[in-house]
Structure formats: structure tokens, C-alpha cells
Participant: 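Structure incoming, see below.
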Amino acid sequence: MGEYQNKWGELSPIIEEHINFTMEQYRETGSASKSIVIQIGFFPYAECLRKVLMDKDWNRLNNLIYQENCFRSFRYLTGGDTHYWAFLDMLAALAVGNMKTLDLLVPRKTERVTHIYSTYRPATDLLIGLWRKDNSVLELAVPKAKKFVSGKKPQWDRATVAFLLALYDKNPEEAGVQLELVCKGAMRSDFDKDTDKVLFVPAHGLYQLAACLWDEELFRQLPMPNHKIFSKEYAIWRNTHKVEPELFVKYPDPRFDRILINPELEMSEPN
């Protein structure tokens, strides 16, 4: 307990419980994916978020989001489900610079998915076209996305797709309007009040997507949202520092760390 207390202070009991549980599962199963049990085994992101935000330690915040992103992405990378369900995890990967996981999550081509949250289909198709620089995808995705935006879906859903369309159009003013609406819409949606309504990581992911796709001059014209769930200080830090995300908490067995940050290891050899 002492080693955790010295490093994590008031968070140490939560982190120790998580490490002990995860390592016990890992020893029993020999599999990282089987060690990540929903709710119990996920990294205690919600419990740590407010404290790290309050400290304004942006590197530690980035590492915290990164670790949560590694855990959540594992479900889709090793579970066999369509990656379209992982749209928000793609945005989280963009937010923290987790490019390895992002490249594994973003499909190489569009899929005819069913039983998916309706917003994820046009949003993911646009992201595939933009990220993969695939005009053949965009030719089909853009008209469908425009139709979606003109519909009657909730504000968050329409604004997210509209932001991606503004990226495609290279329109920073419109993108800024839509990013503000993304944050406002998230507050009215059923996102988690202890995490997403404290810091809306997907909005930061969309902002970083613009930083990746646009040249510096155009990106500077993109206004940041004036909203409590978007941290301008974190966004500025993110774009003025060379970011190499690391695990917020490392595990006693370094093999678990390696698999968590290199999920392709478990994808190719699940046992």
C-alpha cells in the first residue's frame, strides 16, 4: 500500500483495488482481454478524473484518458464485433494521441452494419473517408451525412456529423459552431454525469481530428467551445507539446502493460 500511497495519495485505495483485481484475473486467465471485466475491472477513470482535472496536470490527465481508452478499445479489438460501435473510442484515441489504437479501430472500408446506434454509421463512414483519405468513401458518405444532419435526431448526434462535414468542407467557422453544439448536446443526452459531463473527451477528439487533417493556418481559425465540459487549457497544452501518452498506472506484471498498449499482440495470439 505504501508505494501507491506515496504516488497516488487519496486515490491509492481505488487504484490498489483495481490493480489487485486485474492482476488476479490476468493470472487466472492468462489473457488480457479476459481480465478486463466490465464495470469491476475497467480502470477507475471516473474516480480519478475530477482530482486530476482539479490539479491541472495535463500530462497526467492525458495519460488517464489514454489508459481508459486502452481498456475500452480492447473490447472491440478482441471481441469480434464491428468497430462501428467504437466511434467514441476512436475520438478518445484522437484526443490523447493514441494513434496505434486509432489505426486498429478505424475500418479500412465501410461496412453494411445493422443493429448499430444510428449516429455511428454516418459518423464512422465520414471518419473512415477523412482519416484514410479515401475519396471513394467520401463520395458516398457525404450525401448520406448531409441527409442525416437535416433530419430530426438529437442535437449531439446532428452536431457531431455536421462537425465532420465541416472538416470535409474545410470550414473552421462552421466547425466551431458545431463543436459548441456537440458540447451543449452532450449535456442534454444520456452521457455519464460523472465523466462525460465533467470533461467531454469526444469533443476533444473532434478538435484533435481537425489538428491532424488541416494545416496549421486553417486549424488556428477553429474556435474552441466556450463550455464547461471542454477544457481550453488542456486543448492548448495538447497542441503545444509533443505528446507521447503513457499508462496512468502501470501493473506489476509488465506483460499486461505491453499487451494493453499493443493490443495487436492479443489480437493475433488471444491465449
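Because the structure is predicted, anything quoted here is derived from the model rather than measured. All values below were derived from every heavy atom in this structure, side-chain atoms included, with hydrogens, water molecules and symmetry-related copies excluded.
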Participant: Measure from the side-chain N and O atoms of D192 to the backbone N and O of D194, and report whether any donor-acceptor pair falls under 3.5 Å.
Facilitator: yes

Participant: For the backbone of V96 and the side chain of N62, can you confirm whether one donor and one acceptor N or O come within less than 3.5 Å of each other?
Facilitator: yes

Participant: Does atom CD of Q221 have more than 12 heavy-atom neighbours, drawn from other residues, nucleotides or ligands, at distances under 6.0 Å?
Facilitator: yes

Participant: Any sub-3.5 Å donor-acceptor pair from R238's side-chain atoms to A95's backbone N or O?
Facilitator: yes

Participant: Report yes if the side chains of L49 and L64 come closer than 4.5 Å at any heavy-atom pair, otherwise no.
Facilitator: yes

Participant: Any side-chain heavy-atom pair from L209 and L127 closer than 4.5 angstrom?
Facilitator: yes

Participant: Okay, side chain of D169, backbone of N171: is any donor-acceptor separation there less than 3.5 Å?
Facilitator: no

Participant: If you define the side chain from C-beta out and look only at heavy atoms, does anything of L165 sit under 4.5 Å from K146?
Facilitator: yes

Participant: For the rings on F74 and F71, is their centre-to-centre separation under 6.0 Å?
Facilitator: no

Participant: Evaluate the criterion side-chain contact (heavy atoms from CB on, under 4.5 Å) for residue pair I65 and Y45; output intermediate values, then yes/no.
Facilitator: CA-CA 8 Å; I65 302 168; Y45 174 69; 3.9 Å; yes

Participant: Same hydrophobic cluster for L218 and F163, using side-chain heavy-atom links shorter than 4.5 Å among ILVMFWY?
Facilitator: yes

Participant: Measure from the side-chain N and O atoms of D253 to the backbone N and O of R255, and report whether any donor-acceptor pair falls under 3.5 Å.
Facilitator: yes

Participant: Going by an N to O cut-off under 4.0 Å, is there a salt bridge joining D125 and R121?
Facilitator: no

Participant: Within a reach of under 6.0 Å around CG of D190, are more than 12 heavy atoms found that belong to other residues, nucleotides or ligands?
Facilitator: no

Participant: Less than 6.0 Å separating the ring centroids of F256 and Y26?
Facilitator: yes

Participant: Take Y66 and I261, measure what side-chain contact (heavy atoms from CB on, under 4.5 Å) needs, and give me the verdict at the end.
Facilitator: CA-CA 9 Å; Y66 171 65; I261 64 179; 3.2 Å; yes

Participant: For the NZ atom on K232, are there more than 12 heavy atoms of other groups (residues, nucleotides or ligands in this structure) within a distance under 6.0 Å?
Facilitator: yes

Participant: Do T119 and F87 have side-chain heavy atoms sitting under 4.5 Å apart?
Facilitator: no

Participant: Taking only residues at least two apart or on different chains, which pairs with a member in residues 147-156 satisfy salt bridge (charged side-chain N to carboxylate O under 4.0 Å, His left out)?
Facilitator: none

Participant: Is there a side-chain contact between L199 and L61, using heavy atoms and a 4.5 Å cut-off?
Facilitator: yes

Participant: Transitive ILVMFWY cluster of M54 at side-chain heavy atoms under 4.5 Å: who else is in it?
Facilitator: none

Participant: Would you say the side-chain atoms of H83 pair up with the backbone N or O of L105, donor to acceptor, closer than 3.5 Å?
Facilitator: yes

Participant: Between D55 and R60, is there a side-chain heavy-atom distance shorter than 4.5 Å?
Facilitator: no

Participant: Would you say W214's side chain and L167's backbone share a donor-acceptor pair under 3.5 angstrom?
Facilitator: yes

Participant: When rounded to the nearest 0.5 angstrom, what is the spacing between CZ in F43 and OG1 in T22?
Facilitator: 9.5 Å

Participant: Sequence neighbours left out, what pairs pass side chain to side chain donor-acceptor pair (under 3.5 Å) with at least one residue falling in residues 197-209?
Facilitator: Q208-N239

Participant: Under 4.5 Å between any side-chain heavy atoms of P252 and M23, yes or no?
Facilitator: yes

Participant: Once rounded to the nearest 0.5 Å, what's the spacing between atom CD of E233 and atom CG of L53?
Facilitator: 10.0 Å

Participant: Are the aromatic ring centres of F191 and W156 under 6.0 angstrom apart?
Facilitator: yes

Participant: If you group Ile, Leu, Val, Met, Phe, Trp and Tyr by side-chain heavy-atom gaps below 4.5 Å, do F219 and V177 land in one group?
Facilitator: no

Participant: Do the side chain of H18 and the main chain of I14 share a donor and acceptor less than 3.5 angstrom apart?
Facilitator: no

Participant: Q67 side chain to F248 main-chain N or O, any donor-acceptor pair under 3.5 Å?
Facilitator: yes

Participant: Salt bridge between R108 and D103, side-chain N to carboxylate O under 4.0 Å?
Facilitator: yes

Participant: Looking at CZ of R158 and OG of S150, how far apart are the two atoms once the value is rounded to the nearest 0.5 Å?
Facilitator: 9.5 Å

Participant: Check whether any side-chain heavy atom of L130 sits under 4.5 Å from a side-chain heavy atom of L164, and report yes or no.
Facilitator: yes

Participant: Is any side-chain N of the basic residue among K34 and E28 closer than 4.0 Å to the acidic one's carboxylate O?
Facilitator: no

Participant: Is it the case that the side chain of R132 and the backbone of V106 share a donor-acceptor pair, with hydrogens and angles ignored and the cut-off at 3.5 Å?
Facilitator: yes

Participant: What orientation do Y117 and Y120 show, parallel under 30°, tilted 30 to 60°, or perpendicular over 60°?
Facilitator: perpendicular

Participant: So which heavy atom on T124 is nearest to which on P107, and how close?
Facilitator: CG2-CD, 4.3 Å

Participant: Quick check on the hydrophobic clustering: are L88 and W85 connected, directly or via other members, by side-chain heavy-atom contacts under 4.5 Å?
Facilitator: yes

